[in-house]
Amino acid sequence: MASETLTDTAAAPDGTDTTPERGLPDGVELARALEAILMVVDEPQSVVGLASAVGRPVKEVRASIAELVADYDGEPAADGTPRPRRGFELREVGGGWRIYVRSELDAVVRDFVHTQTPAKLSQAALETLAVIAYKQPISRGAVASIRAVNVDSVVRTLLGRGLITEAYTDSETGAIHYETTELLLTQLGINSLDELPPISPLLDDGRDGFDDVR
Amino acid sequence: MASETLTDTAAAPDGTDTTPERGLPDGVELARALEAILMVVDEPQSVVGLASAVGRPVKEVRASIAELVADYDGEPAADGTPRPRRGFELREVGGGWRIYVRSELDAVVRDFVHTQTPAKLSQAALETLAVIAYKQPISRGAVASIRAVNVDSVVRTLLGRGLITEAYTDSETGAIHYETTELLLTQLGINSLDELPPISPLLDDGRDGFDDVR
Amino acid sequence: MATPPDATIEVTDGADAALAPPTDVADAPSGFRVSVADFDGPFDLLLSLITKRELDITEVSLSAVTDEFISYLRQLEGADRLDEASEFLVVAATLLDLKIASLLPQGELVDAEDVALLEARDLLFARLLQYRAFKQVSAWFAERIAAETARHVRSVRLEDRFRQKEPELRWTTSLDDFAALALLAFTPRELPSVGLDHLHAPLVSIREQAAHVVGLLRSGEPLTFRQLIAGAEQKGVVVARFLALLELYRHAAVSFEQLEPLGELTVRWSAEHWSDENLVNLGADYGQ
């Protein structure tokens, strides 16, 4: 039956959501409010940000998001009700949650959206980006000494693409230090720098400019 | 169960969709392809347009859409499986289908939008607006290449604020060209674009489309 | 920012690397081969051998490698090969460090410790290894970015009913400010270069050094490198002047003559058409 209120007939995580919810209109299920918000957002939304938007505890919002992920992924509900694997999915990328087309369907959707694909980064830009990602915050000079070439024009490209940003300027040397942005995480499809593949300390022989590679 | 392929376990309209589907990758359910497309499109999509995109008969697409509407509205599946009433809905507006926030959740989303939107334009938005003002009509891609950043979200903001509008769509490339509105003139306190102060190129480095800046 | 956890890339052996290098060094399709007394093979393999410490870098004649590299660069054409060239440059620059060190006049101008440092083989190994690790991990970046570019995120125009609930726009930009913003937006992005004077060793402009060198050479008389760096008190100036010469060489403004490896380097003005405007873009690759 089409219920008039927005109760979650099939996908209630458990029985706890039947109490009136703070910060949400009466009868509005948390999961439904979250999916409504996710329909209009433009940027990845953190659990904390979502929690404050709906006026609910972070823990509850986190659980509700997890349930939505399972729901869209087609996992059966807690009570065993089967659910279809949706054409879209909820992904945590770049520090927050957003709705994506499920990757199997990217080809179907491709013709429908005319997104402008930015030019591919050069090998030099990728390597510079990697150095900054692992050693941030880092000055241009320090990147240049690792790559053994001047990196100014490449740094400019990366700044222009919004993949890195100025973290701070050293008050003594005046050297600008760079760090990576959330946009980089988004473009890598990861959620935090912890997801970068580990890089070895190589030769940990304590030499200047070398021992601090992580 | 989480099936690997995109089969519609709960929401199959009836038994007719089990035959291999033309125009879609193997194992992709029509409804899943449609909801993927509908999740990313900005404009309402006609049934005919959708049908040609997925390479399926209009009649089938129409039935699948009707089933999606019922699905999102929380009507039980044909086999009686209960389904939640989603926070979003599929509505036909102006001859096309698009996903909207379910109206019962307007208040929640309104609060969210209100707290999320800054009252002032960002520096990025102002610069993009300035580029459009001086080079209109101009496509998003052309603005992006001048600004060397992705401007999609900023252009959306400016459209939303009524400071720019769509001038025309290039019939060859399909690129939408934007121009500024009367509202911008009002905000700047001028009567016509001719009153914009002339800017002289700092560096006439032959950058494409740079010499014709007024 | 988070610290990435330690250790899985095995850099000493590319074949076992947790992250496969972009190209297998053994069959790298690179066109540049090094052929010197002790070694014959692709440039990348040279790097690979050095990282395995199977070849002592100091036994490779750097001038021979440099010569081959420069003649290879001369043949390069088209954007496709730019990446290749820049990749070589990274390694070549490291190798060149030693050559530059030997070009520097010995004596009171150069800190003996600096030369010792530059000549420290282990440091070179360390830098090559480090570079190699970042080069390998950059392949992961390329893959992830390519994969993510194919994804589609929901990003649609806000519905009108919500649009109206946005806070009213506060416009604070004057007409002049607006024009200034336009100018800013149309200006190609430059990196800010504030505060460099505070640096212990101030940065040296390659462009300025090029102007100096052009002034000295244009009269027609060839000069030796030693003469060109006479009076330069900082190592940075010497290096910048050397790089300026390479840049001028690239613009066919000068030619070099060196009768034997590590011998006297004679520089001759060879530009047919030269305008000082050429200096404007000189050293642009170095962001000066």
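These numbers come from the heavy atoms of this one structure, side chains and all, not from hydrogens, waters or symmetry mates. Chain A is the first sequence line, chain B the second, and so forth, proteins listed ahead of strands; every chain is numbered from 1. Keep in mind that what you see is a predicted model, and the values were worked out from it rather than measured.
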- Query: Sequence neighbours excluded, which residues qualify as side chain to side chain contact (heavy atoms under 4.5 Å, CB included) partners of B/Arg62?
  - Reply: B/Val47, B/Val58
- Note: vs chain C, highest number of non-hydrogen pairs under 4.5 angstrom among B/Leu129, B/Ile190, B/Thr157, B/Leu159 is B/Leu129
- With chain C, the option among B/Ile99, B/Val41, B/Asp106 that has the most non-hydrogen atom pairs under 4.5 Å is B/Asp106
With a 4.5 angstrom heavy-atom cut-off, is it the side chain or the backbone of [X] that approaches chain C, or both, or neither?
X: B/Gln116; result: neither
X: B/Asp111; result: neither
X: B/Ile132; result: neither
X: B/Leu38; result: backbone
X: B/Val101; result: both
X: B/Ser103; result: both
X: B/Leu188; result: both

- Please determine if B/Arg98 forms a cation-pi arrangement with B/Tyr100, meaning its NZ or CZ atom is less than 6.0 Å from the six-membered ring centre and no more than 45° off the ring axis. yes
- Query: Are B/Asp73 and B/Arg102 ion-paired here, with the side-chain N under 4.0 Å from a carboxylate O?
  - Reply: yes
- Task: Determine, for B/Lys120 against C/Glu168, whether the closest basic-nitrogen to carboxylate-oxygen distance falls under 4.0 angstrom.
- Result: no
- Task: Go through the atoms of C/Thr172 and report whether side chain, backbone, both or neither lie under 4.5 Å from a heavy atom of chain B.
- Result: side chain
- Item | Heavy-atom pair with the smallest gap, counting every atom of C/Val156 and B/Val40 | CG1-O, 3.9 Å
- So, for C/Ser270 and C/Ser255, which heavy atoms are closest and what is the spacing to 0.1 Å? OG-N, 3.6 Å
- Is a side-chain donor-acceptor pair under 3.5 Å present for B/Tyr72 with B/Glu35? yes
